[in-house]
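Some notes on the structure that comes next.
Worth knowing before you read on, the calculation uses all heavy atoms, side chains too, and leaves out hydrogens, waters and symmetry mates.
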Amino acid sequence: RAKADGRGTYGVFEPEMGIAVRERHGVERDLECALARDEFHLVYQKQVAADGGALLGFEALLRWTHPERGRVPPDLFIPVAEERGTISAIGMWVLRTACREAAGWEAPLRVAVNVSAVQVHDPAFAAQVLAVLLETGLPAARLELEITETALIRNFDRAVATLRQLKTLGVGIAMDDFGTGYSSLANLRAFPFDRIKIDQSFVRNVDTNAQTAAIVRAVLGLGSGLGLPVVAEGVETPEELAFLKAAGCAEVQGYLFGRPAPLNPHETGIVPKADPRPDQAAGPGWAA
Ligand code: C2E
Ligand code: MG
Ligand code: MG
Ligand code: MG
(Lines give C-alpha, C1' and ligand atoms only; values in the text may rest on other atoms or scores of the structure.)
(Ligands and ions follow the chains in the order given, each with its own letter.)
Protein backbone atom coordinates (compact mmCIF):
# COMPACT_ATOMS: atom_id res chain seq x y z
CA ARG A 1 0.00 0.00 0.00
CA ALA A 2 1.28 3.42 -0.96
CA LYS A 3 0.63 4.87 2.45
CA ALA A 4 1.76 2.13 4.80
CA ASP A 5 5.49 2.52 4.37
CA GLY A 6 5.73 6.10 5.50
CA ARG A 7 5.85 9.63 4.33
CA GLY A 8 6.54 10.23 0.69
CA THR A 9 7.28 6.64 -0.24
CA TYR A 10 5.72 5.76 -3.54
CA GLY A 11 4.61 2.24 -2.78
CA VAL A 12 2.70 2.08 -6.05
CA PHE A 13 5.89 2.57 -8.03
CA GLU A 14 8.08 0.30 -5.94
CA PRO A 15 9.00 -2.22 -8.67
CA GLU A 16 10.88 0.53 -10.53
CA MET A 17 12.53 2.99 -8.17
CA GLY A 18 13.87 5.00 -11.13
CA ILE A 19 10.34 5.74 -12.19
CA ALA A 20 9.41 6.58 -8.61
CA VAL A 21 12.11 9.24 -8.39
CA ARG A 22 11.25 10.76 -11.77
CA GLU A 23 7.55 10.73 -10.99
CA ARG A 24 8.23 12.30 -7.66
CA HIS A 25 10.13 15.22 -9.12
CA GLY A 26 7.37 15.79 -11.63
CA VAL A 27 4.67 15.68 -8.96
CA GLU A 28 6.63 18.01 -6.67
CA ARG A 29 7.16 20.55 -9.42
CA ASP A 30 3.63 20.43 -10.75
CA LEU A 31 2.04 20.58 -7.29
CA GLU A 32 3.62 24.00 -6.79
CA CYS A 33 1.47 25.51 -9.52
CA ALA A 34 -1.60 23.25 -9.40
CA LEU A 35 -3.48 25.71 -7.18
CA ALA A 36 -2.73 28.68 -9.43
CA ARG A 37 -3.77 26.64 -12.48
CA ASP A 38 -7.05 25.68 -10.83
CA GLU A 39 -6.42 21.94 -11.19
CA PHE A 40 -8.06 20.93 -7.88
CA HIS A 41 -11.67 20.22 -7.16
CA LEU A 42 -13.61 18.61 -4.34
CA VAL A 43 -15.84 15.58 -4.43
CA TYR A 44 -18.23 14.68 -1.64
CA GLN A 45 -19.17 11.33 -0.16
CA LYS A 46 -22.33 10.75 1.87
CA GLN A 47 -22.30 9.89 5.52
CA VAL A 48 -25.58 8.22 6.49
CA ALA A 49 -27.30 6.75 9.54
CA ALA A 50 -26.67 2.99 9.67
CA ASP A 51 -30.24 2.53 10.76
CA GLY A 52 -32.65 3.98 8.20
CA GLY A 53 -30.08 5.59 5.91
CA ALA A 54 -30.83 9.24 6.75
CA LEU A 55 -28.31 11.60 5.16
CA LEU A 56 -26.17 13.14 7.91
CA GLY A 57 -23.43 14.89 6.00
CA PHE A 58 -20.68 14.67 3.44
CA GLU A 59 -16.93 14.15 3.55
CA ALA A 60 -15.04 16.43 1.18
CA LEU A 61 -12.25 14.64 -0.71
CA LEU A 62 -9.63 16.42 -2.76
CA ARG A 63 -9.10 15.61 -6.45
CA TRP A 64 -6.22 16.72 -8.65
CA THR A 65 -6.53 16.53 -12.40
CA HIS A 66 -3.07 16.94 -13.88
CA PRO A 67 -3.02 18.33 -17.44
CA GLU A 68 -0.93 15.40 -18.76
CA ARG A 69 -1.12 12.70 -16.11
CA GLY A 70 -4.85 12.99 -15.58
CA ARG A 71 -6.23 12.06 -12.19
CA VAL A 72 -3.53 11.80 -9.50
CA PRO A 73 -4.73 9.93 -6.36
CA PRO A 74 -4.58 11.88 -3.06
CA ASP A 75 -2.72 9.04 -1.34
CA LEU A 76 0.04 9.77 -3.85
CA PHE A 77 0.24 13.57 -3.92
CA ILE A 78 -0.76 14.52 -0.36
CA PRO A 79 2.37 13.00 1.23
CA VAL A 80 4.44 14.96 -1.30
CA ALA A 81 2.54 18.16 -0.53
CA GLU A 82 3.12 17.54 3.18
CA GLU A 83 6.84 17.14 2.73
CA ARG A 84 7.15 20.17 0.48
CA GLY A 85 4.97 22.37 2.67
CA THR A 86 2.50 23.03 -0.16
CA ILE A 87 -0.14 21.25 1.93
CA SER A 88 -0.70 24.46 3.95
CA ALA A 89 -1.94 26.41 0.94
CA ILE A 90 -3.74 23.42 -0.55
CA GLY A 91 -5.35 22.61 2.80
CA MET A 92 -6.61 26.17 3.15
CA TRP A 93 -8.06 25.98 -0.36
CA VAL A 94 -9.85 22.73 0.57
CA LEU A 95 -11.20 24.23 3.78
CA ARG A 96 -12.38 27.45 2.16
CA THR A 97 -13.96 25.65 -0.81
CA ALA A 98 -15.72 23.01 1.32
CA CYS A 99 -17.08 25.62 3.76
CA ARG A 100 -18.24 27.90 0.95
CA GLU A 101 -19.96 25.06 -0.90
CA ALA A 102 -21.54 23.63 2.27
CA ALA A 103 -22.82 27.09 3.27
CA GLY A 104 -24.80 27.01 0.00
CA TRP A 105 -26.48 23.65 0.62
CA GLU A 106 -30.19 23.75 1.18
CA ALA A 107 -30.04 21.38 4.13
CA PRO A 108 -27.82 22.28 7.11
CA LEU A 109 -25.76 19.10 6.83
CA ARG A 110 -22.34 18.52 8.27
CA VAL A 111 -19.27 18.79 6.04
CA ALA A 112 -16.19 16.81 7.02
CA VAL A 113 -12.81 18.10 5.87
CA ASN A 114 -9.55 16.15 6.08
CA VAL A 115 -6.71 17.98 7.78
CA SER A 116 -3.04 17.06 7.59
CA ALA A 117 -0.45 16.90 10.37
CA VAL A 118 1.28 19.99 9.00
CA GLN A 119 -1.90 22.05 9.45
CA VAL A 120 -2.58 20.81 12.99
CA HIS A 121 0.94 21.76 14.01
CA ASP A 122 0.66 25.30 12.67
CA PRO A 123 -0.05 27.58 15.68
CA ALA A 124 -2.13 29.80 13.38
CA PHE A 125 -4.43 26.99 12.21
CA ALA A 126 -7.39 27.56 14.57
CA ALA A 127 -7.39 31.28 13.72
CA GLN A 128 -7.38 30.40 10.02
CA VAL A 129 -10.35 28.07 10.50
CA LEU A 130 -12.23 30.83 12.32
CA ALA A 131 -11.46 33.27 9.49
CA VAL A 132 -12.84 30.81 6.92
CA LEU A 133 -16.02 30.28 8.95
CA LEU A 134 -16.58 34.03 9.18
CA GLU A 135 -15.78 34.56 5.51
CA THR A 136 -18.08 31.78 4.26
CA GLY A 137 -20.83 32.12 6.86
CA LEU A 138 -20.78 28.40 7.64
CA PRO A 139 -21.84 27.77 11.27
CA ALA A 140 -18.96 26.15 13.18
CA ALA A 141 -21.19 23.28 14.28
CA ARG A 142 -21.57 22.17 10.66
CA LEU A 143 -17.84 21.76 10.15
CA GLU A 144 -16.03 18.62 11.21
CA LEU A 145 -12.28 18.23 10.80
CA GLU A 146 -10.94 14.71 10.23
CA ILE A 147 -7.52 14.09 11.69
CA THR A 148 -5.52 10.86 11.84
CA GLU A 149 -3.92 9.95 15.11
CA THR A 150 -0.56 9.65 13.39
CA ALA A 151 -0.92 13.34 12.55
CA LEU A 152 -1.23 14.21 16.23
CA ILE A 153 1.78 12.51 17.73
CA ARG A 154 4.47 14.51 15.97
CA ASN A 155 4.12 17.35 18.44
CA PHE A 156 1.69 16.20 21.07
CA ASP A 157 1.36 19.44 23.07
CA ARG A 158 0.96 21.62 20.00
CA ALA A 159 -1.69 19.27 18.59
CA VAL A 160 -3.63 19.20 21.88
CA ALA A 161 -3.57 23.01 21.98
CA THR A 162 -4.84 23.30 18.39
CA LEU A 163 -7.64 20.80 18.92
CA ARG A 164 -8.75 22.56 22.11
CA GLN A 165 -8.86 25.87 20.24
CA LEU A 166 -10.93 24.30 17.47
CA LYS A 167 -13.25 22.80 20.04
CA THR A 168 -13.75 26.26 21.58
CA LEU A 169 -14.84 27.52 18.16
CA GLY A 170 -17.52 24.83 18.11
CA VAL A 171 -15.94 22.84 15.29
CA GLY A 172 -16.29 19.04 15.44
CA ILE A 173 -13.25 16.78 15.40
CA ALA A 174 -13.20 13.22 14.12
CA MET A 175 -10.40 10.71 14.56
CA ASP A 176 -9.88 9.35 11.05
CA ASP A 177 -8.61 5.88 10.14
CA PHE A 178 -8.97 4.68 13.73
CA GLY A 179 -7.02 1.55 14.46
CA THR A 180 -4.27 2.10 11.91
CA GLY A 181 -2.07 4.54 13.88
CA TYR A 182 -0.14 4.42 17.14
CA SER A 183 -1.47 4.19 20.71
CA SER A 184 -5.07 4.85 19.72
CA LEU A 185 -6.40 4.48 23.23
CA ALA A 186 -4.17 7.07 24.87
CA ASN A 187 -4.94 9.49 22.03
CA LEU A 188 -8.67 9.05 22.53
CA ARG A 189 -8.27 10.26 26.09
CA ALA A 190 -5.84 13.09 25.39
CA PHE A 191 -7.61 14.74 22.47
CA PRO A 192 -11.13 16.18 22.45
CA PHE A 193 -12.66 14.00 19.72
CA ASP A 194 -16.34 14.11 18.83
CA ARG A 195 -16.40 11.07 16.57
CA ILE A 196 -14.38 7.98 15.72
CA LYS A 197 -14.02 6.76 12.14
CA ILE A 198 -13.18 3.06 11.92
CA ASP A 199 -10.74 2.52 9.09
CA GLN A 200 -12.06 0.67 6.09
CA SER A 201 -9.51 -2.12 6.56
CA PHE A 202 -11.60 -3.20 9.58
CA VAL A 203 -14.87 -2.90 7.69
CA ARG A 204 -13.79 -5.08 4.79
CA ASN A 205 -15.31 -8.56 5.31
CA VAL A 206 -16.31 -7.73 8.88
CA ASP A 207 -19.29 -10.01 8.32
CA THR A 208 -17.15 -13.07 7.56
CA ASN A 209 -13.87 -12.56 9.45
CA ALA A 210 -14.17 -13.34 13.17
CA GLN A 211 -11.05 -11.39 14.14
CA THR A 212 -12.13 -8.29 12.27
CA ALA A 213 -15.58 -8.60 13.82
CA ALA A 214 -14.08 -8.77 17.32
CA ILE A 215 -12.01 -5.64 16.70
CA VAL A 216 -14.97 -3.70 15.32
CA ARG A 217 -17.14 -4.76 18.27
CA ALA A 218 -14.41 -3.56 20.64
CA VAL A 219 -14.18 -0.17 18.89
CA LEU A 220 -17.96 0.20 19.02
CA GLY A 221 -17.89 -0.62 22.74
CA LEU A 222 -15.17 1.95 23.24
CA GLY A 223 -17.18 4.57 21.35
CA SER A 224 -20.29 3.91 23.34
CA GLY A 225 -18.38 3.95 26.64
CA LEU A 226 -16.77 7.26 25.76
CA GLY A 227 -20.01 8.68 24.35
CA LEU A 228 -18.48 9.08 20.90
CA PRO A 229 -20.46 8.11 17.80
CA VAL A 230 -18.59 5.75 15.49
CA VAL A 231 -18.59 6.02 11.70
CA ALA A 232 -17.62 2.95 9.68
CA GLU A 233 -15.72 3.88 6.51
CA GLY A 234 -15.62 2.00 3.25
CA VAL A 235 -18.85 0.02 3.58
CA GLU A 236 -19.28 -1.78 0.27
CA THR A 237 -21.72 -4.63 0.80
CA PRO A 238 -25.18 -5.10 2.38
CA GLU A 239 -23.62 -7.85 4.53
CA GLU A 240 -21.03 -5.46 5.99
CA LEU A 241 -23.82 -2.95 6.66
CA ALA A 242 -26.01 -5.58 8.32
CA PHE A 243 -23.19 -6.58 10.64
CA LEU A 244 -22.38 -2.96 11.57
CA LYS A 245 -26.01 -2.11 12.20
CA ALA A 246 -26.53 -5.17 14.40
CA ALA A 247 -23.33 -4.37 16.31
CA GLY A 248 -24.62 -0.87 17.08
CA CYS A 249 -22.58 1.28 14.69
CA ALA A 250 -24.39 4.62 14.33
CA GLU A 251 -23.06 5.97 11.05
CA VAL A 252 -21.72 4.56 7.80
CA GLN A 253 -19.96 5.76 4.70
CA GLY A 254 -18.89 3.85 1.59
CA TYR A 255 -19.51 2.87 -1.99
CA LEU A 256 -22.70 1.09 -0.93
CA PHE A 257 -24.27 4.50 -0.31
CA GLY A 258 -22.42 6.51 -2.90
CA ARG A 259 -19.02 7.11 -4.39
CA PRO A 260 -17.40 10.48 -3.83
CA ALA A 261 -18.84 12.75 -6.52
CA PRO A 262 -18.96 16.43 -7.44
CA LEU A 263 -21.83 18.21 -5.81
CA ASN A 264 -23.12 21.43 -7.27
CA PRO A 265 -26.03 22.68 -5.22
CA HIS A 266 -25.21 26.21 -6.36
CA GLU A 267 -26.23 25.22 -9.87
CA THR A 268 -29.21 23.08 -9.02
CA GLY A 269 -30.37 24.39 -5.68
CA ILE A 270 -31.02 20.75 -4.79
CA VAL A 271 -29.27 18.71 -2.15
CA PRO A 272 -29.46 14.99 -2.90
CA LYS A 273 -31.72 13.03 -0.60
CA ALA A 274 -30.39 10.01 1.25
CA ASP A 275 -30.33 7.08 -1.12
CA PRO A 276 -29.41 3.66 0.23
CA ARG A 277 -28.70 2.36 -3.27
CA PRO A 278 -25.29 2.59 -4.96
CA ASP A 279 -24.22 5.75 -6.68
CA GLN A 280 -25.58 5.07 -10.17
CA ALA A 281 -28.93 5.92 -8.64
CA ALA A 282 -27.79 9.36 -7.44
CA GLY A 283 -30.43 11.96 -8.08
CA PRO A 284 -30.30 15.58 -9.17
CA GLY A 285 -27.67 17.72 -7.54
CA TRP A 286 -24.85 15.44 -8.57
CA ALA A 287 -23.03 16.81 -11.58
CA ALA A 288 -20.96 14.52 -13.78
P1 C2E B 1 -9.78 9.14 4.12
O2 C2E B 1 -9.99 10.48 4.69
O3 C2E B 1 -9.76 7.99 5.06
O4 C2E B 1 -10.90 8.98 3.02
C5 C2E B 1 -11.55 7.78 2.72
C6 C2E B 1 -11.05 7.19 1.43
O7 C2E B 1 -11.75 5.97 1.17
C8 C2E B 1 -11.32 8.06 0.20
O9 C2E B 1 -10.24 7.84 -0.72
C10 C2E B 1 -12.61 7.47 -0.35
O11 C2E B 1 -12.80 7.72 -1.73
C12 C2E B 1 -12.38 6.02 -0.10
N13 C2E B 1 -13.62 5.25 0.01
C14 C2E B 1 -14.83 5.66 0.42
N15 C2E B 1 -15.73 4.67 0.42
C16 C2E B 1 -15.07 3.57 -0.01
C17 C2E B 1 -15.46 2.20 -0.22
O18 C2E B 1 -16.60 1.79 -0.01
N19 C2E B 1 -14.49 1.35 -0.66
C20 C2E B 1 -13.20 1.76 -0.89
N21 C2E B 1 -12.34 0.86 -1.32
N22 C2E B 1 -12.80 3.04 -0.70
C23 C2E B 1 -13.73 3.93 -0.26
P24 C2E B 1 -9.54 9.06 -1.47
O25 C2E B 1 -10.56 10.07 -1.87
O26 C2E B 1 -8.67 8.45 -2.53
O27 C2E B 1 -8.64 9.71 -0.34
C28 C2E B 1 -7.59 8.98 0.24
C29 C2E B 1 -7.02 9.72 1.42
O30 C2E B 1 -6.40 10.93 1.00
C31 C2E B 1 -8.06 10.13 2.45
O32 C2E B 1 -8.38 9.05 3.29
C33 C2E B 1 -7.32 11.23 3.17
O34 C2E B 1 -6.43 10.70 4.11
C35 C2E B 1 -6.53 11.87 2.03
N36 C2E B 1 -7.24 13.07 1.58
C37 C2E B 1 -8.24 13.20 0.67
N38 C2E B 1 -8.61 14.50 0.55
C39 C2E B 1 -7.84 15.21 1.40
C40 C2E B 1 -7.74 16.61 1.74
O41 C2E B 1 -8.48 17.47 1.27
N42 C2E B 1 -6.78 16.96 2.67
C43 C2E B 1 -5.96 16.02 3.25
N44 C2E B 1 -5.05 16.43 4.15
N45 C2E B 1 -6.05 14.70 2.96
C46 C2E B 1 -6.97 14.30 2.05
MG1 MG C 1 -11.26 11.25 6.02
MG1 MG D 1 -10.36 7.40 6.77
MG1 MG E 1 -7.36 7.35 4.97
Quick one: pull up [atom1] in [X] and [atom2] in [Y] and give me the separation to the nearest 0.5 Å.
X: I215; Y: L220; atom1: CD1; atom2: CG; value: 12.0 Å
X: M175; Y: L163; atom1: CE; atom2: CG; value: 9.5 Å
X: R164; Y: F191; atom1: CZ; atom2: CZ; value: 9.0 Å
X: L145; Y: K167; atom1: CG; atom2: NZ; value: 11.5 Å
X: R96; Y: T136; atom1: CZ; atom2: OG1; value: 9.5 Å
X: L42; Y: T97; atom1: CG; atom2: OG1; value: 5.5 Å

Expected output: side-chain [X] to main-chain [Y] donor-acceptor under 3.5 Å:
X: T148; Y: D176; answer: no
X: N155; Y: R158; answer: yes
X: Q119; Y: S116; answer: yes
X: W105; Y: E101; answer: yes
X: T86; Y: E82; answer: no
X: T180; Y: D177; answer: yes
X: N205; Y: T208; answer: no
X: R142; Y: L109; answer: yes
X: D194; Y: I173; answer: yes

Could you label the plane-to-plane angle of the W93 and F40 rings as parallel, tilted or perpendicular, counting under 30° as parallel and over 60° as perpendicular?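 W93 vs F40 ring planes: tilted.
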
Tell me, do [X] and [Y] make a side-chain contact under 4.5 Å, heavy atoms counted?
X: I198; Y: V231; value: no
X: W64; Y: L35; value: no
X: P67; Y: R37; value: yes
X: E146; Y: N114; value: yes
X: P73; Y: L76; value: yes
X: V219; Y: F202; value: no
X: D30; Y: H66; value: yes
X: I90; Y: L31; value: yes

**Report entry** side-chain contact (heavy atoms from CB on, under 4.5 Å) between L188 and L228, worked out
**Finding:** CA-CA 10 Å; L188 271 180; L228 301 178; 4.2 Å; yes

Please determine whether side-chain contact (heavy atoms from CB on, under 4.5 Å) holds for the pair H41 and T65, giving the CA-CA distance in whole Å, both sets of side-chain angles, and the decisive distance to 0.1 Å. CA-CA 8 Å; H41 72 280; T65 313; 4.0 Å; yes

Heavy atoms from other residues, nucleotides or ligands near CZ of R69 exceed 12 (cutoff 6.0 Å)
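More than 12 within 6.0 Å, yes.
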
Restricting to non-hydrogen atoms, name the atom on [X] and the atom on [Y] that form the minimum distance, rounded to 0.1 Å.
X: A112; Y: Q47; answer: CB-NE2, 4.2 Å
X: L133; Y: C99; answer: CD2-SG, 4.4 Å
X: A98; Y: Y44; answer: CA-OH, 3.5 Å

Would you kindly confirm whether [X] and [Y] end up in one hydrophobic cluster when ILVMFWY residues are joined by side chain heavy atoms under 4.5 Å apart?
X: L138; Y: L56; value: no
X: L222; Y: V252; value: yes
X: V43; Y: V113; value: no
X: L61; Y: I147; value: no

When V235, D207, D51 are each screened for side chain to side chain contact (heavy atoms under 4.5 Å, CB included) with L244, the one that passes is V235

- Message: Would you say the ring centers of F178 and F193 fall short of 6.0 Å from each other?
- Response: no

*asked:* Go through it in stages, so that I can follow the logic: the residues are V94 and V115, the test is side-chain contact (heavy atoms from CB on, under 4.5 Å), and I'd like the CA-CA distance, side-chain angles, deciding distance and then a yes or no.
replied: CA-CA 9 Å; V94 169; V115 164; over 6 Å; no

_salt_bridge(R84, E32) N-O dist < 4.0 Å_ = yes

Test side-chain hydrogen bond (donor to acceptor under 3.5 Å, both in side chains), reference Q253, set E233, Q200, K46, Q45, output is Q45

Under the criterion salt bridge (charged side-chain N to carboxylate O under 4.0 Å, His left out), which of E251, E149, E59, E144 is the partner of K197?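 Between K197 and the candidates, salt bridge (charged side-chain N to carboxylate O under 4.0 Å, His left out) is satisfied uniquely by E59.
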
Steps toward side-chain contact (heavy atoms from CB on, under 4.5 Å) verdict (V203, T212): CA-CA 8 Å; V203 171; T212 306; over 6 Å; no

query = Checking salt bridge (charged side-chain N to carboxylate O under 4.0 Å, His left out) for the pair E240/R204: CA distance, chi angles, key distance, verdict?
reply = CA-CA 7 Å; E240 288 164 1; R204 195 67 51 246; 3.2 Å; yes

